[in-house]
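Side chains included, hydrogens not; waters and symmetry mates left out as well; all remaining heavy atoms used. Chain letters run A, B, ... following the sequence lines, proteins first, then strands; residues in each count from 1.
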Protein chains: 2
Amino acid sequence: MTTPHPLAKKIQVLAFDIFGTVVDWHGSISREVQALYPDVDGDAFARIWREGYRPAMARVRSGWDEDPHARHVVSSLNPEGATPALRQPDGVRGWTLIDTLHREILDDILPRFGLAHLDEAQRHHLNRVWHRLDAWPDSVAGLTRLKRRFTITTLSNGNIGLLTNMAKRAGLPWDCILSAEVFHAYKPDPATYLGVARVFDLQPAQVMLVAAHHDDLAGARACGLRTAYVERPLEFGNAHVKDVSQQPGNDLHTANFMALADALGC
Amino acid sequence: MTTPHPLAKKIQVLAFDIFGTVVDWHGSISREVQALYPDVDGDAFARIWREGYRPAMARVRSGWDEDPHARHVVSSLNPEGATPALRQPDGVRGWTLIDTLHREILDDILPRFGLAHLDEAQRHHLNRVWHRLDAWPDSVAGLTRLKRRFTITTLSNGNIGLLTNMAKRAGLPWDCILSAEVFHAYKPDPATYLGVARVFDLQPAQVMLVAAHHDDLAGARACGLRTAYVERPLEFGNAHVKDVSQQPGNDLHTANFMALADALGC
């Protein structure tokens, strides 16, 4: 056990990015798709589904830029759910749940994988795989250690229901579920990072974002949060090992959550 | 163990009122006030502080009624916090955290108890007693049983930070922290009850509100949620035993969370 980093005394809340940082979206989706549809290349399916996420979010955000008042709630996929889907009459998109974006991308890519025939129930079930992602092997044990000393919360663009279902299934011991859905803004919007500080009535420097993505960490840093990079070299699968070499600017650079707990003296 | 209520199969989420239902605000505040200021009548102090809550909330809500666009975020108490307190220029009040309402009531009642001399740090500390409330003796064990079968979430007018700090201290094993702060509406606004169903992409009838207050349960019932009343006869202390006799309309009426777990087959 090393000496705890001097920051450990100043930080009160650790906010965690989820997809790729806490859970293995690529492996989980590859495995489930391959089990359901053995002829499909699960690795490619997972990567292409995830690749659609950034442009989909960019479209939502650009709608906001054109009309900043458009962030009203737009939900939800399930036709039996409480609230029907809504669109702005002028085509500008309001607030949109990740479940909805994931589903739109899924509908778009299914034909490319010979799965255009899937019916509504099959598509709904497959889309919910994002609620059933497996944690990285060190996540539960590392979070359990970190929780002893810090308040641990999610800070994800995933919606609250998704994050709650995921945590319940994977045993992730969050103190709190914070999401873009709470702030009606997606990361890297400053409203999300500053929102964590506001919720807990803290200074930004008393909050640390933990993530496996440098752009997310840069967004947090610009708001005055502390940052910890976590190496997840297999985020995109064994065939596409990610560069996890150290980059300047983060307060911590750690191999996994056990190493993070060591560094923070937990 | 009795046969589980037939509703148990249909319900997926249990949403809990907090103050009085899960935690003993009267006993906790009485004890802390009396320990800090032995000359003060802790029982009266706790009851009068809590009595200020309904009128304070009514003033906030009436501001909304006059100007429904006034629900922007107004926070926060801590002068060192991330966001300074804001007021609408015309005096209409926007969204207000319970921490702020509790503090305003506290400032108002301190002189009546001979405590007008408390300084800012003492007032801030005392106001945070709402983050340090003790659970009723059956709460943790009952919630732990209920969590095995259901998703358990808070649904409180308390703010997210308050509910998270309270849960961490008292060991309340929530799957999710939902608050008026998420929906920018206070109970009994339908947006709160329907918000739980929306977050989890469920029908209202798949959600059950658990509360020790009939007005809260009536609000949920009007939105199509299921309801369970829990007897908390000592909510206002031993000297002011509450009538907990059964009233019509609720799906369940139980003595405590262990009895609720029995009734729901957990």
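To the nearest 0.5 Å, the span separating CD1 on B/Ile177 from OG1 on A/Thr164 amounts to 9.5 Å. From B/Asp175, atom CG reaches atom CG of A/Leu163 across 12.5 Å, with rounding to the nearest 0.5 Å. Summarising the geometry, atom CG belonging to A/Asn159 is positioned 10.0 Å from atom CZ belonging to B/Arg198; distances are rounded to the nearest 0.5 Å.
Although no hydrogens or angles enter the test, the distance criterion places no donor-acceptor pair under 3.5 Å between the side chain of B/Lys147 and the main chain of A/Lys168.
Counting heavy atoms from C-beta on, the side chains of B/Asp201 and A/Asp99 never come closer than 4.5 Å.
Heavy-atom pairs under 4.5 Å with chain B were tallied for A/Val182, A/Thr153, A/Ile160; the largest tally goes to A/Ile160.
Within the structure, ring-ring contact (aromatic ring centres under 6.0 Å, His included) contacts touching residues 145-182 of chain B (residues at least two apart or in different chains) are B/Phe16-B/Trp174. Evaluation of the salt bridge (Lys or Arg N to Asp or Glu O under 4.0 Å) test over residues 8-24 of chain B, restricted to residues two or more places apart or in two chains, returns B/Asp17-B/Lys187.
At a 4.5 Å heavy-atom cutoff, the contact between B/Leu178 and chain A is made by side-chain atoms alone.
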